[in-house]
Amino acid sequence: LRAKLLYLLSEGAEKIRIDLNAEVLNKLLNSKELSEDFKNISKGADVCAVPHRTYHEEQINFRTGIFETPENAVKLS
(Lines give C-alpha, C1' and ligand atoms only; values in the text may rest on other atoms or scores of the structure.)
Protein backbone atom coordinates (compact mmCIF):
# COMPACT_ATOMS: atom_id res chain seq x y z
CA LEU A 1 0.00 0.00 0.00
CA ARG A 2 2.73 2.44 1.00
CA ALA A 3 4.94 1.51 -1.95
CA LYS A 4 2.13 1.97 -4.46
CA LEU A 5 1.19 5.31 -2.92
CA LEU A 6 4.80 6.48 -3.11
CA TYR A 7 4.98 5.35 -6.74
CA LEU A 8 1.82 7.22 -7.72
CA LEU A 9 3.02 10.36 -5.95
CA SER A 10 6.41 10.14 -7.67
CA GLU A 11 4.57 9.94 -11.01
CA GLY A 12 2.87 13.25 -10.21
CA ALA A 13 -0.55 12.10 -9.00
CA GLU A 14 -2.26 14.90 -7.10
CA LYS A 15 -5.52 13.13 -6.30
CA ILE A 16 -5.60 9.48 -5.24
CA ARG A 17 -8.47 7.27 -4.15
CA ILE A 18 -7.70 3.97 -2.41
CA ASP A 19 -10.49 1.38 -2.24
CA LEU A 20 -9.81 -1.31 0.35
CA ASN A 21 -11.25 -3.69 2.92
CA ALA A 22 -13.05 -1.84 5.75
CA GLU A 23 -11.22 -3.74 8.52
CA VAL A 24 -7.84 -3.06 6.94
CA LEU A 25 -8.68 0.64 6.76
CA ASN A 26 -9.73 0.63 10.44
CA LYS A 27 -6.39 -0.95 11.41
CA LEU A 28 -4.57 1.68 9.38
CA LEU A 29 -6.50 4.53 10.99
CA ASN A 30 -6.05 3.10 14.49
CA SER A 31 -2.29 2.95 14.07
CA LYS A 32 -1.01 6.42 14.89
CA GLU A 33 2.37 5.60 13.32
CA LEU A 34 0.84 4.50 10.00
CA SER A 35 -1.64 7.38 9.90
CA GLU A 36 1.13 9.93 10.46
CA ASP A 37 3.31 8.21 7.86
CA PHE A 38 0.56 8.48 5.24
CA LYS A 39 0.03 12.16 6.02
CA ASN A 40 3.76 12.88 5.74
CA ILE A 41 4.40 11.07 2.46
CA SER A 42 1.29 12.43 0.76
CA LYS A 43 1.75 16.12 1.55
CA GLY A 44 0.51 18.23 -1.31
CA ALA A 45 -1.78 15.49 -2.62
CA ASP A 46 -5.44 14.76 -1.97
CA VAL A 47 -5.56 11.15 -0.79
CA CYS A 48 -8.71 9.42 0.41
CA ALA A 49 -9.61 5.85 1.29
CA VAL A 50 -12.95 4.18 0.68
CA PRO A 51 -13.86 1.22 2.92
CA HIS A 52 -15.54 -1.82 1.38
CA ARG A 53 -17.05 -4.62 3.45
CA THR A 54 -17.09 -7.00 0.49
CA TYR A 55 -13.39 -6.61 -0.40
CA HIS A 56 -11.04 -9.38 0.60
CA GLU A 57 -8.23 -8.25 2.94
CA GLU A 58 -5.65 -8.29 0.13
CA GLN A 59 -7.81 -6.43 -2.38
CA ILE A 60 -6.73 -2.82 -2.91
CA ASN A 61 -7.57 -0.60 -5.87
CA PHE A 62 -6.01 2.77 -6.60
CA ARG A 63 -7.56 5.51 -8.74
CA THR A 64 -5.95 8.73 -9.83
CA GLY A 65 -7.17 11.71 -11.78
CA ILE A 66 -10.89 12.42 -11.94
CA PHE A 67 -13.18 10.24 -9.86
CA GLU A 68 -16.16 10.47 -7.53
CA THR A 69 -15.47 10.65 -3.81
CA PRO A 70 -18.19 8.78 -1.93
CA GLU A 71 -19.63 10.10 1.32
CA ASN A 72 -17.97 7.33 3.34
CA ALA A 73 -14.49 8.20 2.06
CA VAL A 74 -11.85 8.94 4.69
CA LYS A 75 -9.31 11.67 4.01
CA LEU A 76 -5.76 10.39 4.57
CA SER A 77 -3.81 13.53 3.71
Side-chain angles (χ1 to χ4, degrees):
L1 180 70
R2 186 179 191 277
K4 179 69 173 189
L5 181 59
L6 283 170
Y7 172 76
L8 293 172
L9 292 168
S10 73
E11 291 290 309
E14 295 178 359
K15 189 171 181 183
I16 302 170
R17 173 178 159 172
I18 307 168
D19 293 84
L20 70 163
N21 175 279
E23 289 181 34
V24 172
L25 178 58
N26 282 335
K27 288 178 186 177
L28 172 72
L29 296 174
N30 288 329
S31 169
K32 185 175 181 173
E33 184 178 314
L34 287 174
S35 296
E36 290 299 317
D37 185 42
F38 266 76
K39 287 179 185 174
N40 289 331
I41 64 174
S42 60
K43 284 183 180 175
D46 181 17
V47 181
C48 69
V50 180
H52 295 273
R53 292 183 183 157
T54 58
Y55 274 30
H56 193 269
E57 288 180 357
E58 289 88 22
Q59 185 176 357
I60 301 173
N61 296 316
F62 290 84
R63 298 179 194 196
T64 59
I66 300 171
F67 53 79
E68 285 189 36
T69 304
E71 290 181 22
N72 64 335
V74 178
K75 190 163 175 69
L76 296 179
S77 64

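How far CD of E58 is from CG of N21: 9.0 Å, rounded to the nearest 0.5 Å. Note that CG of L20 is 9.5 Å distant from CG of N26, once rounded to the nearest 0.5 Å. Interatomic distance, K75 NZ to T69 OG1, rounded to the nearest 0.5 Å: 9.0 Å.
Contact of the H52 side chain with the N61 side chain is not registered, since no non-hydrogen atoms from C-beta on lie closer than 4.5 Å. Contact check for Y55 versus V24: no side-chain heavy atoms found under the 4.5 Å cut-off. A 4.5 Å side-chain heavy-atom check between V47 and K39 finds every atom pair outside the cut-off. In this structure the side chain of L9 reaches within 4.5 angstrom of the side chain of I16, judged on heavy atoms. You'll find the side chain of E33 stays beyond 4.5 Å of the side chain of D37, heavy atoms only.
Judged by distance alone, with hydrogens and angles left aside, the side-chain atoms of R17 form a donor-acceptor pair with the main-chain N or O of E68 at under 3.5 Å.
Under the rule for a side-chain contact (heavy atoms from CB on, under 4.5 Å), the partners of Y7 that lie at least two apart in sequence or sit in another chain are S10, E11. Looking at residues two or more places apart in sequence or on another chain, you find no salt bridge (Lys or Arg N to Asp or Glu O under 4.0 Å) involving R53. Under the rule for a salt bridge (Lys or Arg N to Asp or Glu O under 4.0 Å), K43 has no partner lying at least two apart in sequence or in another chain.
Put simply, I60 and L6 are part of the same group of oily side chains (I, L, V, M, F, W, Y) that touch within less than 4.5 Å, one to the next. Cluster membership for V74 and L8, using ILVMFWY side-chain heavy atoms within less than 4.5 angstrom, is shared. Two different hydrophobic clusters hold F38 and V50 under the rule that ILVMFWY side chains link at heavy-atom gaps under 4.5 Å. Transitive grouping of hydrophobic side chains (ILVMFWY, heavy atoms separated by less than 4.5 Å) brings L1 and L29 into a common cluster.
When all heavy atoms of I41 and R2 are compared, the pair lying nearest together is CG2-NH2, 3.8 Å. Residue S42 comes nearest to S77 through the heavy atom pair OG-CB, 3.0 Å, listed as atom of the first residue, atom of the second, then distance. Residue L28 comes nearest to S35 through the heavy atom pair O-OG, 3.1 Å, listed as atom of the first residue, atom of the second, then distance.
The neighbour count for E23 CD, taken as heavy atoms of other residues, nucleotides or ligands under 6.0 Å away, does not exceed 12.
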